[in-house]
Amino acid sequence: MISIIVPVYNVENYLKQCLDSIINQSYKNLQIILIDDGSCDSSGKICDEYALKDNRIEVVHQKNSGAAFARNIGIEKSKGDYIYFVDSDDYLNLKCFEIMVNNIFDCDIVQCGEYIFDSKAINKMDKIPIGMFNNISFMKIYLDNWCCALIHNKLFKRDVIKDRFYGGKVIDDEYFTYKCILNAKSIKIIDETLYYYRQRKSSLMRNKETIKFQNSDIVDFIYKRYLDLIIYPELRLEVTENLINTYHRILNDYYCTSSLVYNIKKIYVKIIFRCNNISILKSLVLAILKPTFLYLKNKQDFIINNEDNYYE
């Protein structure tokens, strides 16, 4: 049985399409857990209506606590041999679970391809290597390709899910996924595009009010991930380069603040004592010595002139 975990929050315009794509799957042995996270629209009512139509659906109504807490509740309630996470404004190919289950017999995690779509167009995500990987070789792909960090394109054997999502953060899923990968012996990437990821301006990741806090979450989580991965000799160079490249991007981001610059510089100092690569050391030292005001120069003018385009 697959346990499907769906956090739901204010998605009344998209929820039925999502749920229809789940209940009409060709693979029928499902436990469908809907966590209504304090929705203010009719999303909670829609969940209850679907539960009356399909006895595989369980609905939990809770005070708004965020997707991370909702997913954690779903994990605790899950009974399946496999676990799959779905965002409530997305939808699935109707053979998604059949294909995924048929591919997980010889591995611990299966990852499929996905489409990204909005009101204007639908596009396939960038091509990534297809095949079977151990956790270390997959992690090298993960560090170079952000879609490998996503949770919604993966079917997990429940044995690899030993941790829980971080609560109270804008970003949570990709810093959960790598722990599952480390717990897995083998991960398979299949040449099937089965998940449809909706991009919308009102979503949490593209909301003007919350996007400003994403960099702070990334600074915190990337360093936590770095400490977890640096213990693997095969990953030391890749994980260090990934952290530095991510931080360099943040230092040049529109919403980088002086406190973020300060926190990143502190982390760079810590990394210097672990690093023996000359080019990386040079990059770290230059980033530390560069005055904070240079990172923030002309930032506000850029935001004012480009804000509308940034959120398109």
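The structure displayed is predicted, hence computed values, not measured ones.
- Checked by atom type, the side-chain pair Y295/N252 shows no donor-acceptor distance below 3.5 Å.
- Relative to the six-membered ring of F138, K188 misses at least one condition, a distance below 6.0 Å or an angle of at most 45° to the axis.
- Remark: aromatic rings of F85 and F165 are close, center separation under 6.0 Å.
- Counting only heavy atoms from C-beta outward, the side chains of I32 and E58 never approach each other to under 4.5 Å.
- A donor-acceptor pair is defined here as one N or O able to donate and one able to accept, closer than 3.5 Å; such a pair exists between the side chain of S43 and the backbone of V11.
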Subject >> N153 and E114: CA distance, side-chain angles, deciding distance, side-chain hydrogen bond (donor to acceptor under 3.5 Å, both in side chains) verdict >> reply: CA-CA 7 Å; N153 58 7; E114 62 183 282; 3.3 Å; yes
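- Separation of atoms CZ (F133) and SG (C107) is listed at 11.5 Å; rounding is to 0.5 Å.
- Between the N24 side chain and the D20 main chain, a donor and an acceptor come within less than 3.5 Å of each other.
- The closest side-chain heavy-atom distance from N183 to D163 is below 4.5 Å.
- Contact detail for A149 and T177: the closest heavy-atom pair is O-OG1, 2.7 Å.
- Pairs of residues two or more places apart, or lying in two chains, that qualify as side-chain hydrogen bond (donor to acceptor under 3.5 Å, both in side chains) and include a residue from residues 236-245 are R225-N242.
- Residues I218 and R249 form a side-chain contact, since some pair of their non-hydrogen atoms from C-beta on lies under 4.5 Å apart.
- Separation of the Y115 and Y195 ring centroids does not fall under the 6.0 Å cut-off.
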Subject >> Residues S42, E12; criterion side-chain hydrogen bond (donor to acceptor under 3.5 Å, both in side chains); working and verdict >> reply: CA-CA 6 Å; S42 64; E12 61 182 4; 2.7 Å; yes
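- Remark: side-chain polar atoms of S3 are paired, donor with acceptor, to backbone N or O of G80 under 3.5 angstrom.
- The minimum heavy-atom distance between M139 and L235, with the atom names listed, is CG-CD1, 3.7 Å.
- Residues F105 and V101 are not in side-chain contact: their nearest non-hydrogen atoms beyond the backbone lie 4.5 Å or more apart.
- For the pair K224 and Y166, the minimum side-chain heavy-atom distance is below 4.5 Å.
- Relative to the ring axis of Y50, K53 places its NZ or CZ within 45° and under 6.0 Å from the centre.
- In this structure, a donor-acceptor pair under 3.5 Å is present between the side chains of H248 and S283.
- Between the side chain of D87 and the backbone N or O of D90 there is no donor-acceptor pair closer than 3.5 Å.
- K95 places no side-chain N or O within 3.5 Å of a backbone atom of M100 that could act as its donor or acceptor partner.
- The two residues L296 and C256 come nearest to each other via the heavy atoms CD2-O, 3.2 Å.
- Under a cut-off of 6.0 angstrom, the local environment of NZ in K28 is crowded, with over 12 non-hydrogen atoms contributed by other residues, nucleotides or ligands.
- A 6.0 Å sphere centred on NZ of K79 holds no more than 12 heavy atoms belonging to other residues, nucleotides or ligands.
- With hydrogens and angles ignored, the 3.5 Å screen pairs no side-chain donor or acceptor of R198 with any backbone N or O of F117.
- Residue pairs meeting the salt bridge (Lys or Arg N to Asp or Glu O under 4.0 Å) criterion with at least one member in residues 35-52, sequence neighbours excluded, do not occur.
- The side-chain heavy atoms of V86 and I5, taken from C-beta on, include no pair separated by under 4.5 Å.
- For Y247, the ring-ring contact (aromatic ring centres under 6.0 Å, His included) criterion is met by Y268, not counting sequence neighbours.
- Under the 4.5 Å side-chain criterion, counting only non-hydrogen atoms from C-beta, D159 is not in contact with D108.
- Judged by distance alone, the side chain of T292 and the main-chain N or O of S258 form no donor-acceptor pair under 3.5 Å.
- Ring pair F156/Y84: centre-to-centre distance not below 6.0 Å.
- In this structure, the ring of F221 has its center less than 6.0 angstrom from the ring center of Y175.
- For the pair F69/R164, no side-chain contact is recorded, criterion being any heavy-atom separation below 4.5 Å from C-beta on.
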